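This report concerns only the one structure given below.
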Amino acid sequence: MKIMNVVWTCIVLISLVIVVSSIDEDRKVFIAYMGFLPEGEYSPSLHHYEILKNITNPRFARKSLIRSYQRSFNGFAAYLSQEEQQNLAGFDGIISVFPCQKLHLQTTRSWDFMGFPTTIERSPTAESDTIIGVIDGGIWPDSESFNDDGLGPIPERWKGECQGGTNFTCSRKIIGARYYGVEYSVRDMHGHGTHVASTIAGRQVNKASYYGLAQGTARGGVPSARLAVYKACDVDCNMRDILTAFDDAISDGVDIISISVGSNDPLEFTSDPIAIGAFHAMQSGILTVNAAGNAGPGLYTVTGDAPWIFAVAASNTDRRIVTKVLLGDGTILMGNSINAFPSSKEELPLLYGKQVTSECSENEASYCHARCLDGRLVEQKVVLCDENRNTDSVKVAGAIGCIVPDHGKNVSEVEPFPIAALNTNDINLVKTYQNSTRSPKVQIFKSQAINNQVAPIVASFSSRGPSKFISDILKPDITAPGVEIMAAYSPMASPSHTHIDKSSVKYNILSGTSMACPHVAAAAAFVKSFHPNWSPSAIKSALMTTAWEMNPNRSLDAVFAYGSGHIDPHKAKDPGLVYDTSKEDYHKIWCNISRSINATCHANLTIRQLNYPSMAAQVDVNTTFVVSFPRTVTNVGKAYSKYVASIKGGTKLDIIVDPDNLQFTSLNQRMSFVVTVTGKGIQLPLTVESVLLLWTDEDDTHKVRSPIVVYTGNTTNTTCSDHRASTSPKFCKNFLILFVGIIIVIVFM
Ligand SMILES: *[C@@H]1O[C@H](CO)[C@@H](O)[C@H](O)[C@H]1NC(C)=O
Ligand SMILES: *[C@@H]1O[C@H](CO)[C@@H](O)[C@H](O)[C@H]1NC(C)=O
Ligand SMILES: *[C@@H]1O[C@H](CO)[C@@H](O)[C@H](O)[C@H]1NC(C)=O
Ligand SMILES: *[C@@H]1O[C@H](CO)[C@@H](O)[C@H](O)[C@H]1NC(C)=O
Ligand SMILES: *[C@@H]1O[C@H](CO)[C@@H](O)[C@H](O)[C@H]1NC(C)=O
Ligand SMILES: *[C@@H]1O[C@H](CO)[C@@H](O)[C@H](O)[C@H]1NC(C)=O
Ligand SMILES: *[C@@H]1O[C@H](CO)[C@@H](O)[C@H](O)[C@H]1NC(C)=O
Ligand SMILES: *[C@@H]1O[C@H](CO)[C@@H](O)[C@H](O)[C@H]1NC(C)=O
Ligand SMILES: *[C@@H]1O[C@H](CO)[C@@H](O)[C@H](O)[C@H]1NC(C)=O
Ligand SMILES: *[C@@H]1O[C@H](CO)[C@@H](O)[C@H](O)[C@H]1NC(C)=O
Ligand SMILES: *[C@@H]1O[C@H](CO)[C@@H](O)[C@H](O)[C@H]1NC(C)=O
């Protein structure tokens, strides 16, 4: 009997191992997207189960289904083998099937910088009736920035819930909370979500600073607006959680969605959960604002390129934070870093990485790799390194300061100990000085805020257009402050994102298109508070056509860096005219680009014909071209008004606007015109011709500005996304092992 027991146990264990490993290898999480929810009696999860029963082992089907999207659109996530996934793709009603991958998370001064002071005229009642859904890494509800003093009752139309998990309660400020990932609370452990949410709707908090740096009044763009927090990310974000967050946010009744998340490489609509979620949000009258990505400055890196997404680039403001370095010979250099540590009182010995090793070659050691650094040699010294990635090791080895190259980025990051990042010229100066004297010395000072004369410039990290998949659209749409932005932070998170930094702060300074996105979400909420009935595309148009003109000579790749320009929320309140796009037209674009969403799919509209506030066309090299952009504007300024068209800039393009003047006699009146662009001989590589179309009214109060861009280049190179599709996220795999284990226990019991 005993022996039989042992044998059985072994068989069970062995088969368990075999099954686990074979299923683990074969099956991955895929997302199946099914478009709109049908009208009438319909149980999505039952339907999803039925479908899975047909394409997979029926016994496995129930367990294989891990998510049903059923509140705002139709679809599901399930464990599937490659073969099952292919069968599923051909199934009736399935629009697309794609692998579940990871997406990434990509002050106060910034609001003043764009002419949006605390004293700006507001519509407080309407503002506090605005609900912003933030899909991110949660929130720190105890931050002073989220106090609900003086806020009225929660808007009655709100259909969401407070399911914040462990130790989380909502308030009149944070009115909704849901989480999906691995952490069992909406509490933010990484800081990003808190930063983003407070940039949108943080209350006014005086004397906020990061260790005295950037001191001022911290505030969001719409301090009275409500927040609904959807925690779909921890360090990264799982696609299936992002889709669930959209599914919930749309049905809960948010007005605007802010999502500072994206993939490193652009994805096609049909396999991009943000494009899918935002499409259904737009069909429900909700504008989605999305970070354009931090993959710049290369071309074709922009994400959020669907026309129903508002894609935001990041630029700097007139405040920069820099770190001063004094060399022993009296030379003063300015470094890019945020160093909150008190200035060193005296000059400290400076050593080059190659001098502080007993293990490595000089060349290797100059990069300051952990294994090269000799603790006895670096102790109490400042170390000069040829790489900025190994600074943690330098601190761990015992150095008290570090000088590194900034690799051409004019952006300062919070550092865990005194670091100065210098440009190539200055690094060479330091090297020459270091080599020229017997006992080189250096002093690193606490960072200081300085006035930056040349702002705004789009940051080099900000992703650039053109869109990889849609050639005739100008993306990103707009730019907003995203460099060295101070906002609330989670006290649980390391301010410098390093495990060696155990400090805890209430406010922190971050950079990224992640920081620019919430500025635009807040600006959109501000505009909506004056025009509650405007469509998502009208609000987007208002912000685009009133944007500040950027200087094309300063930002690398000009229009492909900043789109229509820099947001000006105050101006956007009164744009004069808007380019309003109908839900049906967006639907037609979806149909043109992908497979039909439903039987009533009309694909007879091209992107050039879409009523978009900017105009772009890719044309053939060296040939004569004629491109037309039909557009319709709606009068939202004065009932009786006359607008005249003019073209600014550019000499190579011949542009005709027909008609070139529009006479309105009532509000909300719509009038159409066609812009025809003729040109010849644009050459490779990617050459861009851009001009501005201006509609100006009689007393010059409104200038409605649209960039017109014609360029050569190719956009249909998908090698990158194919490559990405073949990698499976680790989390999905680990989760699978766990869940297969559960099934087997059930089967064998
Ligand atoms: C098809 O799409 C239209 C347009 O958005 C939508 O109104 C309709 O409900 C959809 N029909 C079905 C059956 O999904
Ligand atoms: C699954 O297959 C059965 C029989 O092959 C069929 O009757 C049923 O309609 C299929 N279910 C779905 C959802 O297509
Ligand atoms: C909830 O979190 C706050 C902030 O970290 C902490 O002060 C408090 O003790 C926690 N409460 C419980 C019951 O864990
Ligand atoms: C960084 O700033 C310097 C000085 O303002 C400027 O010359 C340079 O072009 C900037 N680099 C980038 C990538 O913006
Ligand atoms: C340092 O100085 C020595 C001698 O003066 C010279 O040979 C060497 O090339 C210098 N190294 C650097 C990096 O300037
Ligand atoms: C950009 O540079 C061109 C050529 O140097 C110059 O003509 C133009 O005025 C500059 N534009 C701005 C806005 O400074
Ligand atoms: C989609 O638009 C293109 C032009 O951009 C057009 O040639 C094509 O016919 C359209 N597709 C469909 C299915 O109508
Ligand atoms: C597209 O098709 C629809 C339905 O057939 C029609 O009403 C509409 O006028 C067409 N639009 C264009 C631009 O051809
Ligand atoms: C375009 O024209 C230029 C000048 O005429 C020529 O040098 C170039 O090779 C042409 N490029 C292509 C792709 O035809
Ligand atoms: C197309 O793009 C690839 C890289 O994305 C580039 O190497 C190639 O030269 C481009 N071809 C043309 C015709 O522009
Ligand atoms: C895509 O890139 C490859 C090289 O990576 C190139 O050979 C190919 O021509 C490109 N495709 C297009 C459509 O330009």
Side-chain angles (χ1 to χ4, degrees), residues 114 136-148 162-171 173-174 177-179 181-195 197-198 202-203 205 208 227 229 231 234 297 313 315-318 410 452-458 460 464 474 478-479 487-495 501-508 546-566 568 614 646-653 682-683 686-694 703 705-711:
M114 64 185 86
D136 208 290
I139 195 166
W140 194 257
D142 315 303
S143 168
E144 226 184 312
S145 288
F146 305 121
N147 79 69
D148 65 356
C162 186
Q163 296 176 342
T166 314
N167 193 11
F168 195 99
T169 47
C170 289
S171 63
K173 182 72 193 176
I174 303 169
R178 297 178 190 272
Y179 65 97
V182 284
E183 288 166 355
Y184 296 98
S185 168
V186 175
R187 270 185 191 275
D188 173 15
M189 296 295 155
H190 308 280
H192 188 273
T194 302
H195 203 277
S198 71
R203 309 303 296 278
V205 177
L227 289 165
V229 180
K231 181 173 175 176
D234 39 75
S315 42
N316 62 9
T317 70
D318 58 353
N410 290 342
N452 176 31
Q453 302 284 333
V454 286
I457 296 177
V458 176
S460 65
R464 262 59 173 184
L474 178 62
I478 206 157
T479 187
Y489 204 62
S490 165
M492 303 303 281
S494 158
D501 180 3
K502 304 278 189 247
S503 63
S504 167
V505 294
K506 290 179 174 168
Y507 291 86
N508 195 13
T546 58
W548 294 348
E549 229 177 295
M550 297 279 284
N551 183 334
N553 298 344
R554 285 188 182 155
S555 296
L556 190 62
D557 301 318
V559 282
F560 286 129
Y562 50 69
S564 291
H566 190 286
D568 183 349
S614 60
S646 60
I647 299 293
K648 193 177 162 193
T651 49
K652 291 198 182 154
L653 301 177
I682 297 187
Q683 293 177 16
L686 188 115
T687 309
V688 186
E689 293 297 331
S690 77
V691 298
L692 283 172
L693 165 64
L694 287 171
K703 276 192 172 27
R705 195 183 295 113
S706 291
I708 303 173
V709 178
V710 178
Y711 72 100

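Ligands are counted one by one from 1 in listed order, and the atoms in each one are counted from 1 as well. These numbers were taken from a predicted model, which means no experiment stands behind them.
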For the residue pair Y507 / S198, report whether a side-chain donor-acceptor contact shorter than 3.5 Å exists. no
Under-4.0 Å heavy-atom contact with ligand 3, by part of F168 that carries it: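 It is neither; nothing of F168 touches ligand 3.
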Quick look: R187 vs ligand 3, heavy-atom contacts under 4.0 Å, and the answer is side chain
Name the orientation class of the two ring planes belonging to H195 and Y489 (parallel below 30°, tilted from 30 to 60°, perpendicular beyond 60°). perpendicular
Checking contacts now, so for [atom], which I'm interested in, is there any protein heavy atom under 4.0 Å?
| atom | answer |
| --- | --- |
| atom 14 (O) of ligand 6 | yes |
| atom 10 (C) of ligand 6 | yes |
| atom 5 (O) of ligand 6 | no |

Flag the pair P456 / W548 as yes when at least one side-chain heavy-atom distance between them is below 4.5 Å, and no otherwise.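 Heavy-atom side-chain distance check passes, below 4.5 Å.
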Contact between D234 and M189 at the side-chain level, heavy atoms closer than 4.5 Å - yes or no? no
Pair F560 and Y711, ring centroids less than 6.0 Å apart: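 Yes, close enough.
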If we ignore hydrogens and angles and just use 3.5 Å, is the side chain of D136 paired with the main-chain N or O of T194 as donor and acceptor? no
Are K231 and E183 close enough for a salt bridge, meaning some N to O gap below 4.0 Å? yes
Please list, in number order, the atoms of ligand 6 under 4.0 Å from a heavy atom of N553.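 Checking each atom against N553, I get 1 (C), 2 (O), 3 (C), 8 (C), 10 (C), 11 (N), 12 (C), 14 (O).
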Nearest neighbour in protein (non-hydrogen) for atom 8 (C) of ligand 3: N167 ND2, 3.7 Å
Those atoms of ligand 3 less than 4.0 Å from some heavy atom in D142: 4 (C)
Hey, which atoms in ligand 3 end up nearer than 4.0 Å to a heavy atom of W140?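 Taking each heavy atom of W140 in turn, ligand 3 has 4 (C), 5 (O) under 4.0 Å.
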